[in-house]
Amino acid sequence: MQICQNPNCSNPFNSDSNRFCVSCGQSYFGKLLRNRYRVLRLLGEGGFSRTYAAEDADRLNAPCVIKQFFPQVQGTGQRTKAAEFFKEEAFRLYELGENHTQIPRLLAYFEQGSSLYLVQEFIQGKTLLREVQQQTYGEAQIRELLADLLPILDFIHSHNVIHRDIKPENIIRRESDGKPVLIDFGGAKQVTQTSLARPSTVIYTIGYAPTEQMAGFACHASDLYALGVTCVRLLTQCLPFQDAYGQINDPIYDPMNVKWLWRERLQEKGITISDDLGKILDKLLKHLPSERYQTAVAVLDDLKSTTSTFTPTALKIVAISQATLLQLPEKAIIPLPPLQTFEFDVVTVDTAGREVSRDRLNTNFFTEELSKIVTLEMLSIPGGTYMMGSPEYEGDADERPQHQVRVEPFFMGKFPVTQAQWRAIAALPKVKQTLNPNPSKFKGLDRPVENVSWHEAVEFCVRLSEKTGRSYRLPSEAEWEYACRAGTTTSFHFGEKITSELVSCSSDAYTGESKSKFRKETTNVGSFEVANAFGLYDMHGLVWEWCADSWHNNYNDAPVDGTAWEVGGDAHRRVLRGGSWSFSSELCRSASRSWNESDGGLRICGFRVVLSAGETI
């Protein structure tokens, strides 16, 4: 990897084949960062930073890890806040790593150009995630792990730090001595008694974090809960995962009854543990923080008092298939309502925005009854192959590289979810979070719901699934663009232009109209009375629509099978598509992409739901 030597370069890392720096355009390259660190390869990327494997030339090329502050955020305020988080992580690593052998040490922290960097000790070894995919854990191994990790938690908690992301991926078993090392303090939080009572930035991993942490109120008991979850996942070899349809599945947790099912899974596998260890794990996993252990020392005391009640057994190494790790209960088959047919108009415009053709097409759909007076129409979207993204001469860099995607058949909402539909589902029992029945700024039962977060949209899908027996979900980004294009390759499914007679958005070069012609609020769904070739209305403009995918900066290594893209992205930011009433028409193009914070952000967003063909819960 080449390093740009321009001292003001914001992102100096370049591939060896580059002749000019992709950030600043200069052509003066070197091999070392800060005349010391040789950067080898990119390890990972998140919302605030990029992580690289590197060598320290001043220490006989000793391996190290470099984190670069590289926030994918918009706005000075968000960037400043992200920079403060990064600096706090450096201070935490220095304070903790210098005083505990099972926390990576901070080797350097510096600024170069307009970027911040921290250099960490490299820990040689395997994560517990890799271990659980290769071997079974018994009681002896869980007790040993708790005995090793609880003193680390006691140490960081005594320094008023909450880790907030304990999971198998963040625990490395060091090769030199076999001891577990706790890594990734990027989400850790410095706390006081006063700050514990105030909500903070929400940082968590689904399947490991307790409810109070997901609401922004992490405490010491939150870390202990995550440690308990890690233990039962190692025992059962059951990990949470996202299926091909974007749904999070967890074989050992029942969200409807707020109940852990780890004992049942152990019984199915013929694995037994002592009652004493079972009681410790149950207490770590209590739903209410007040009912859990409050300190790591208290857990250690109970663990030590029961060490003589079981007989240690050797660790058994077995090959575990992916299918075994992801095994789910069989699904019930819930037949779809009868399919019906409806007709709709499809309009094509020329490069000046003038209508040149109007065709009458038809398609199949079924109706889902949400209440006695509210229904949801789901259109049949045929499967097919298309080119996702934009060519070099159109759009932004995050819309490239253009690539071919195969999409399986599915059903999609004819319109964005309306306020009437939202209200009907919001009245159903809560699954994970409450829903405000009237969140929208622009009121109207037939207007699209807006001002809802990604998590609230997911809650809507889960409640709808519980009511109907069918697995409703948010569309993947690939499904959304495929549905929007409906076989077209132009900027919009109408053609290369749109007008105020066709969509609700702001004006720009793609419309050629004055701003006075454009509305400054939402309209009723379907009010323009024109659809695309699949029969979908309001795919351009009206409201930004949530997709299931985590945000990625481009399509490098994107899935080609139409599934949601979760690997390697920023899970705290989710993809938005379609533009809205308040954004320019350029951002309403079929290929245009944006993102928002999953827990709210600007809160100007709506969504529509999809259902895989033949999919049930």
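Ionic pairing of R589 and E399 is present here: one or more N-O contacts between side-chain nitrogen and carboxylate oxygen are shorter than 4.0 angstrom. The pair E450-K441 does not count as a salt bridge, with every side-chain nitrogen at least 4.0 angstrom from each carboxylate oxygen. With salt bridges taken as basic N to acidic carboxylate O contacts below 4.0 Å, one links D58 and R36. Between D599 and R573 there is no salt bridge, since no side-chain N of the basic residue sits under 4.0 Å from a carboxylate O of the acidic one. No salt bridge links R105 with E121; every basic N to acidic carboxylate O contact stays at or beyond 4.0 Å.
More than 12 non-hydrogen atoms from other residues, nucleotides or ligands lie less than 6.0 angstrom from CZ of R406. Other residues, nucleotides and ligands contribute only 12 or fewer heavy atoms inside 6.0 Å of the NZ atom of K432. When the shell of 6.0 Å around CG of D350 is examined, it contains more than 12 heavy atoms from other residues, nucleotides or ligands.
Note: F442 and W581 have perpendicular aromatic rings, judged against thresholds of 30 and 60 degrees for the angle between ring planes. Classification of the H540-F492 ring pair by plane angle, with boundaries at 30° and 60°, yields perpendicular. Classified by interplanar angle (parallel below 30°, tilted 30° to 60°, perpendicular above 60°), the ring pair F534/Y482 is tilted. Taking the six-membered ring where the residue is Trp, F110 and Y117 present parallel rings, their angle staying beneath 30° rather than reaching 60°.
No side-chain N or O of D570 forms a donor-acceptor pair with one of S550 less than 3.5 Å apart. Looking at N554 and D398, their side chains never bring a donor and an acceptor atom within 3.5 Å of each other. Side chains of E496 and S491: a donor-acceptor N/O pair is present below 3.5 angstrom, by distance only. Under 3.5 Å, the side chains of Q68 and N11 contain a donor-acceptor pair of N or O atoms. Defined by atom type and a distance below 3.5 Å, a donor-acceptor pair is missing between the side-chain atoms of T490 and R485. Neither side chain, K67 nor T51, offers a donor N or O lying under 3.5 Å from an acceptor on the other.
Annotation: side chain of F607 is not in contact with side chain of P416 (no heavy-atom distance under 4.5 Å).
Here the closest non-hydrogen pair linking E545 and W480 is OE1-NE1, 2.8 Å.
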Quiz prompt | CA sep, side-chain torsions, deciding dist, call: R233, D250, salt bridge (Lys or Arg N to Asp or Glu O under 4.0 Å) | solution = CA-CA 10 Å; R233 294 201 185 284; D250 195 335; 2.6 Å; yes
Quiz item: Could you go step by step and tell me if E131 and R173 meet the salt bridge (Lys or Arg N to Asp or Glu O under 4.0 Å) rule?
Solution: CA-CA 9 Å; E131 282 194 356; R173 192 174 298 282; 2.7 Å; yes
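Using modelled atom types, no side-chain atom of H157 and backbone atom of I152 make a donor-acceptor pair closer than 3.5 Å. Counting only distance, with no hydrogens or angles, the side chain of R400 and the backbone of E394 share a donor-acceptor pair below 3.5 Å. Remark: side-chain polar atoms of H163 are not paired, donor with acceptor, to backbone N or O of I156 under 3.5 angstrom. Counting only distance, with no hydrogens or angles, the side chain of D223 and the backbone of R164 share a donor-acceptor pair below 3.5 Å. Proximity of a side-chain donor or acceptor of T522 to a complementary backbone N or O of L542 within less than 3.5 Å is not detected. In this structure, Y386 contributes its side chain and A478 its backbone to a donor-acceptor pair below 3.5 Å.
For F583 and W544, the ring centers sit closer than 6.0 Å to each other.
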